[in-house]
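Written below as structure tokens is the structure these notes are about.
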Amino acid sequence: MALCPPAAGAVSVRVTGLPAELHSNARAFLAITDMEEPDPRSVRLAHRRAPDEIRRALRPFGYYRPTIRSSLEKTEEGWLAQYRVDAGNPVRIKPLELRITGPGADNPDLRQIVAESDLAPGKQLRHSAYDTTKRRLLGAAVAAGYLDAGFERSRIRVHPEEGRAGVYLVLATGPAYHFGAIHVEQSILDPGYVERLLPVAPGEPLTSERLLDIQFALSDSEQFQRVEVDVQKEASDGAHVPVRVATEPTPARRYRLGGGYGTNTGPRVTAGMELRRVTRTGHSLRTELQVSAVRQSGSVQYRIPLKRPRTDRLTFSGNVQRNRLGDTESRKQSVGISLDELWQGWRRSLYVQAARERTSNGSTRRSRLVTPGVSLSRSHSNASRHPTRGWSLDMDLHGAEEAVLADASFLRLQGGTHWIYSLGERVRLLGRLEAGSALVSTTNALPASERFFTGGARSVRGYAYQSLAPKNADGDVVGGRYLLAGSLETDVRVYGNWGVAAFLDAGNVSDTLPLELERGAGVGLRWFSPVGILRLDFAQALSREDRPIRIHFSMGQDL
């Protein structure tokens, strides 16, 4: 039962006898509920119409023969309209004709929609189930390339006296269409290069998913800021449909300027420029400058797209950098070439780098190295931002040989994995593991950039940035040959995009095995922002006698 307290002269309406779902819909249909300060004639007219409005409100749920008792009286406060409703028995589906005809009759997606439909013989008729099934069938047929799909029969015949309703829904798919010529309207790039950007070729089945693939491929190329795909069915040649793609180019130059702060790096500034179209075949040039308290670097990259330009490219690079690693300073200049490609589902990079480096930690050592290497990475998640399930893997292997343009021989392997698992709608479990090993005669033979360090906001919290590593005789942190670090964390969203976290970290770097792991634990605050997760952590160094507490601030994605 529901009563709306009226203002003076308004109408109070009571509807009783119905469950919540039916009651809500009945009140929504009643025009008399919206009357304020009405005249007597309007109230009586609305009251006479109310039973028909209630009947119309119950029909979508299958109730076609309700019993309604109504009354209307004038009170000191206004009008009181009462409706006692007995919905009666719902009509049930009998018979049901739900099927697909035409070339798409055996399409698995369409057959699954039929199998999952809430329409079934003997089941209570609900118009929403009929509308949902109809909408899903037609949408899936068009998405699968059956552009002429339509219903040769779509009807509900209700027999209230018999308590049944015949439901007839027959989809005729018509023929499946295929891609004809694909014309990209643009003048900034070589047509042959644009053709290689397209993930679809004429003759393939024309589906909405493949149309989106075209749009995403051209947008992801960073050459076009607007991409509109138009299927020109009126110009089709039999089962082949031409597709026109209208585009608007991005600016030929892009400038970037950014800044931030993290407890690992302190304040930092990044500036860069990109020339997107050095040539009409997609060659590009990128430069970047980074400045922070622990790292200063400048880099340039010249990228040449290959046969599969969306995934494969050849990159020539140069880099100058100065890093603070623990208590060790590295000054490095390098040039390199890399072949980056998609390989067996992995992102693979085959590279060679030639470098000169000066390592300073009380004494100074200069190194010259030519290091060939390979890196692999792969990831999967259920969302690009803030996933609740996902994982990532990465590995890098490179080395140098003293007899081949190098001052030392070594082989360095490093790998890591991250994973995320959902424990509920708002709770996640996150894990991280990182390991590395450098095979070399002595750590001193390695330049600082090839040694391992750990500790800080994104490794072992509770310890200073890159402070966990072997020390020299003067007590300076100089890095080591073996790395092992990991973390377990759970975070909970408590309000909107705000959350809290608890974590346990462990890790260390050593020149010998096994490693003695340092441990840290703590709690944190999370903000799931549009550009990444902001983390404010309060961590305690459990392995230290005084168990100091350190505050860490960082930003970035989980995978």
Side-chain angles (χ1 to χ4, degrees), residues 294-295 297 317 319-338 348-376 394-417 433-456 459-460 463-486 506-518:
V294 298
R295 176 184 173 89
S297 69
S317 61
N319 188 280
V320 178
Q321 61 184 30
R322 177 175 178 243
N323 282 341
R324 191 72 185 177
L325 304 167
D327 296 317
T328 303
E329 183 184 79
S330 165
R331 293 175 179 262
K332 182 178 179 180
Q333 304 88 41
S334 64
V335 293
I337 180 173
S338 65
R348 182 178 70 175
S349 178
L350 304 172
Y351 62 87
V352 177
Q353 183 186 84
R356 296 177 58 185
E357 184 170 352
R358 188 180 76 174
T359 299
S360 303
N361 49 25
S363 62
T364 299
R365 175 183 175 84
R366 288 179 169 82
S367 304
R368 293 183 300 115
L369 297 173
V370 174
T371 53
V374 56
S375 65
L376 295 170
D394 63 84
M395 182 275 291
D396 179 84
L397 175 66
H398 66 266
E401 171 56 49
E402 191 171 359
V404 185
L405 301 174
D407 294 332
S409 297
F410 71 92
L411 187 65
R412 187 181 191 273
L413 173 65
Q414 184 174 5
T417 179
L433 181 64
E434 182 182 17
S437 174
L439 303 180
V440 65
S441 58
T442 173
T443 303
N444 288 335
L446 289 173
S449 63
E450 301 292 350
R451 303 176 191 177
F452 294 109
F453 300 81
T454 193
S459 56
V460 185
Y463 302 85
Y465 178 56
Q466 295 185 337
S467 65
L468 297 180
K471 301 178 180 180
N472 62 13
D474 296 326
D476 296 328
V477 178
V478 296
R481 297 164 58 184
Y482 303 107
L483 162 70
L484 182 63
N508 209 345
V509 172
S510 177
D511 282 330
T512 59
L513 295 175
L515 285 77
E516 294 184 7
L517 300 182
E518 302 277 358

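- Distance check: Ser437 OG to Arg412 CZ gives 9.5 Å after rounding to the nearest 0.5 Å.
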| message | As a quick check of understanding, evaluate side chain to side chain contact (heavy atoms under 4.5 Å, CB included) for Gln466 and Thr454, giving each step before the final call. | response | CA-CA 4 Å; Gln466 295 185 337; Thr454 193; over 6 Å; no

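- Between Ser367 and Asp407, the side chains place no donor N or O within less than 3.5 Å of an acceptor N or O (distance only, hydrogens not considered).
- Nearest heavy-atom pair across Leu325 and Ser330 is CD1-CB, 4.3 Å.
- In this structure the side chain of Phe453 never reaches within 4.5 angstrom of the side chain of Leu483, judged on heavy atoms.
- Checked by atom type, the side-chain pair His398/Glu450 shows a donor-acceptor distance below 3.5 Å.
- A side-chain N or O of Glu357 and one of Ser449 form a donor-acceptor pair less than 3.5 Å apart.
- Residues Ala485 and Val460 approach most closely at CB-CG2, 4.3 Å, considering heavy atoms.
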| said: Walk me through whether Val478 and Asp327 qualify under side chain to side chain contact (heavy atoms under 4.5 Å, CB included). | reply: CA-CA 6 Å; Val478 296; Asp327 296 317; over 6 Å; no

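- Summarising the geometry of Phe452 relative to Tyr482, their closest heavy-atom pair is CD1-N, 4.1 Å, with the distance given to 0.1 Å.
- With a 4.5 Å cut-off on side-chain heavy atoms, Gln414 and Glu434 count as touching.
- Exactly one residue among Arg331, Arg295, Glu329 makes a side chain to side chain donor-acceptor pair (under 3.5 Å) with Asn323. That residue is Arg295.
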| task | Apply side chain to side chain contact (heavy atoms under 4.5 Å, CB included) to the pair Val374 and Leu397, showing each step before the final yes or no. | result | CA-CA 5 Å; Val374 56; Leu397 175 66; 4.2 Å; yes

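- Of the possible donor and acceptor atoms, none in the side chain of Ser349 sits under 3.5 Å from a partner among the backbone N and O of Ser375.
- Residue-environment remark: CZ (Arg356) stays at or below the threshold of 12 foreign heavy atoms within 6.0 Å.
- Judged by distance alone, the side chain of Asn508 and the main-chain N or O of Glu516 form a donor-acceptor pair under 3.5 Å.
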| message | Applying side chain to side chain contact (heavy atoms under 4.5 Å, CB included) to Ile337 and Tyr351, what does each step give before you reach the verdict? | response | CA-CA 6 Å; Ile337 180 173; Tyr351 62 87; over 6 Å; no

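- Using a 4.5 Å heavy-atom cutoff, the side chains of Val370 and Val352 are in contact.
- Taking every heavy atom of both residues into account, Val440 and Ala445 meet most closely at CG2-CB, 4.0 Å.
- Val320 has its side chain out of reach of Ser297: every pair of non-hydrogen atoms, C-beta onward, lies at least 4.5 Å apart.
- The backbone N or O of Arg481 sits less than 3.5 Å from a side-chain atom of Asp511, completing a donor-acceptor pair.
- For Arg451 (side chain) and Leu446 (main-chain N/O), a donor-acceptor pair under 3.5 Å exists by modelled atom type.
- Within the 4.5 Å cutoff, the side chain of Leu484 has heavy atoms near those of the Leu433 side chain.
- Here the closest heavy-atom approach between residue Ala469 and residue Val477 is recorded as CB-CG1, 3.6 Å.
- With hydrogens and angles ignored, the 3.5 Å screen pairs a side-chain donor or acceptor of Asn472 with a backbone N or O of Asp474.
- Residue Leu369 comes nearest to Ala406 through the heavy atom pair CD2-CB, 3.9 Å, listed as atom of the first residue, atom of the second, then distance.
- In this structure a side-chain-to-backbone donor-acceptor pair under 3.5 Å is missing from Asn361 to Thr328.
- Distance CG/Asp476 to OG/Ser360: 11.5 Å, rounded to 0.5 Å.
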